[in-house]
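Worksheet: the structure to be examined is printed underneath.
These figures come from a predicted structure and were not determined experimentally.
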Amino acid sequence: MPRAKEFDEAEVLDQALELFRARGFKHTSFGDLTDKLGVSRQSLYDTYGDKNALYHAALKRYLDRSLDMLGRTLGDPAPIRAVLGGFFEAMLAGNCSKGSPGCLMVNSMVEQAPHDADIRAIAERHARSIQELFTSRLVIAQRKGEISKSKDPAALAAFYYHTMLGLGVATRAMGNTEWLRQSVGIALQALD
């Protein structure tokens, strides 16, 4: 008869993703995970198999949450400039706060995607999902007359996705909120 799990899987994934965000995949050992999570090595192996599988499960949880949050944010019926401005401001506030480890997806893309085909595939799927959300919202804004008919919503969506990535890297590397706010202001001018 299989043994009952000795831990709450959702709680363990949340703690694991925070550890991976802070230290990265390569600098987080299985021992670090068992110490931080308070779960035995065998229980983690029985549930996830190995560190890579645990990382993928934590990353999936993180990405599902981020897509849900972005979908809710972009679902706001306010004018598109205010919606995007608020989104980028919240991103800066969260990522530039003292001790923030930044975005797990951006960190994963920088650390692992160049040499890990699975992470690269996850990143590409996530990029498509984000760009689809941006495109849908930009199409609505265009229909409402908030942006010119001459603008290509898909091209703008790709631009805002890349802006989001650039901000994610810059907030982790430098954290200069004022410079980044200036960049956001310039990015919002693409709506003009």
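Using a distance-only test at 3.5 Å, with no hydrogens or angles considered, a donor-acceptor pair links the side chain of Lys151 to the main chain of Ala190. Using modelled atom types, no side-chain atom of Thr135 and backbone atom of Glu132 make a donor-acceptor pair closer than 3.5 Å. Of the possible donor and acceptor atoms, none in the side chain of Ser136 sits under 3.5 Å from a partner among the backbone N and O of Leu133. Formation of a donor-acceptor pair under 3.5 Å by the Gln131 side chain with backbone atoms of Tyr161 is not found in this model. Between the side chain of Arg137 and the backbone N or O of Ala157 there is no donor-acceptor pair closer than 3.5 Å. With hydrogens and angles ignored, the 3.5 Å screen pairs a side-chain donor or acceptor of Thr171 with a backbone N or O of Gly168. With Glu146 contributing its side chain and Ile80 its backbone, the two residues share a donor-acceptor pair below 3.5 Å.
His126 is listed as a side-chain neighbour of Leu67, based on a closest heavy-atom distance under 4.5 Å. A 4.5 Å side-chain heavy-atom check between Glu9 and Val39 finds every atom pair outside the cut-off. Contact annotation: the side chain of Val106 never approaches that of Leu167 to less than 4.5 Å [non-hydrogen atoms, C-beta and beyond]. At a threshold of 4.5 Å between non-hydrogen side-chain atoms, the residues Cys103 and Tyr62 count as touching. Side-chain contact between Leu13 and Tyr48 is present, with at least one heavy-atom pair separated by less than 4.5 Å. Within the 4.5 Å cutoff, side-chain heavy atoms of His56 are placed close to those of Ile122.
Here the OG atom belonging to Ser43 is positioned 11.0 Å from the CG atom belonging to Leu37, to the nearest 0.5 angstrom. Between the CG atom in Leu191 and the CG atom in Leu156 there is a gap of 6.5 Å [rounded to 0.5 Å]. With values rounded to the nearest 0.5 angstrom, Trp179 atom CH2 is found 14.5 Å from Leu92 atom CG. Here the CD1-CG distance, from Ile130 to Leu165, works out to 7.5 Å after rounding to the nearest 0.5 Å. Distance check: Met164 CE to Leu84 CG gives 11.5 Å after rounding to the nearest 0.5 Å. Here the straight-line distance linking atom OG of Ser66 with atom CG of Leu104 works out to 9.5 Å at 0.5 Å rounding.
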Original post:
Taking it one step at a time, do Lys51 and Phe25 satisfy side chain to side chain contact (heavy atoms under 4.5 Å, CB included)?
Top reply: CA-CA 9 Å; Lys51 182 176 96 167; Phe25 179 79; 3.4 Å; yes
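The nearest pair of heavy atoms linking Asn107 to Pro101 is ND2-O, 2.9 Å. Nearest heavy atoms, Ile119 versus Tyr55: CD1-CE2, 3.8 Å. Ala170 and Leu180 get closest at one heavy-atom pair: CB-CD2, 3.5 Å. Here the closest heavy-atom approach between residue Arg61 and residue Ala10 is recorded as NH2-CB, 3.5 Å. Minimum heavy-atom separation, His115 to Arg120: N-NH1, 4.1 Å. Contact detail for Met109 and Pro114: the closest heavy-atom pair is O-CD, 3.2 Å.
Under the 4.0 Å criterion applied to side-chain N and carboxylate O atoms, Asp14 and Arg65 are assigned as salt-bridge partners. A salt bridge links Lys60 to Asp64: at least one charged side-chain nitrogen sits closer than 4.0 Å to a carboxylate oxygen.
Ile140 and Leu138 are assigned to two separate hydrophobic clusters, defined by single-linkage of ILVMFWY side chains at heavy-atom distances under 4.5 Å. In the hydrophobic clustering of ILVMFWY residues, with side-chain heavy atoms under 4.5 Å counting as a link, Leu70 and Val139 come out apart.
Aromatic ring orientation, Tyr160 versus Phe88: tilted (interplanar angle from 30° to 60°).
Taking the six-membered ring for Trp, Phe134 and Phe159 have ring centres at least 6.0 Å apart.
Using modelled atom types and a 3.5 Å distance limit, the side chains of Ser29 and Asp32 yield a donor-acceptor pair.
Annotation for Arg41: atom CZ counts as buried by contact number, over 12 foreign heavy atoms lying within 6.0 Å.
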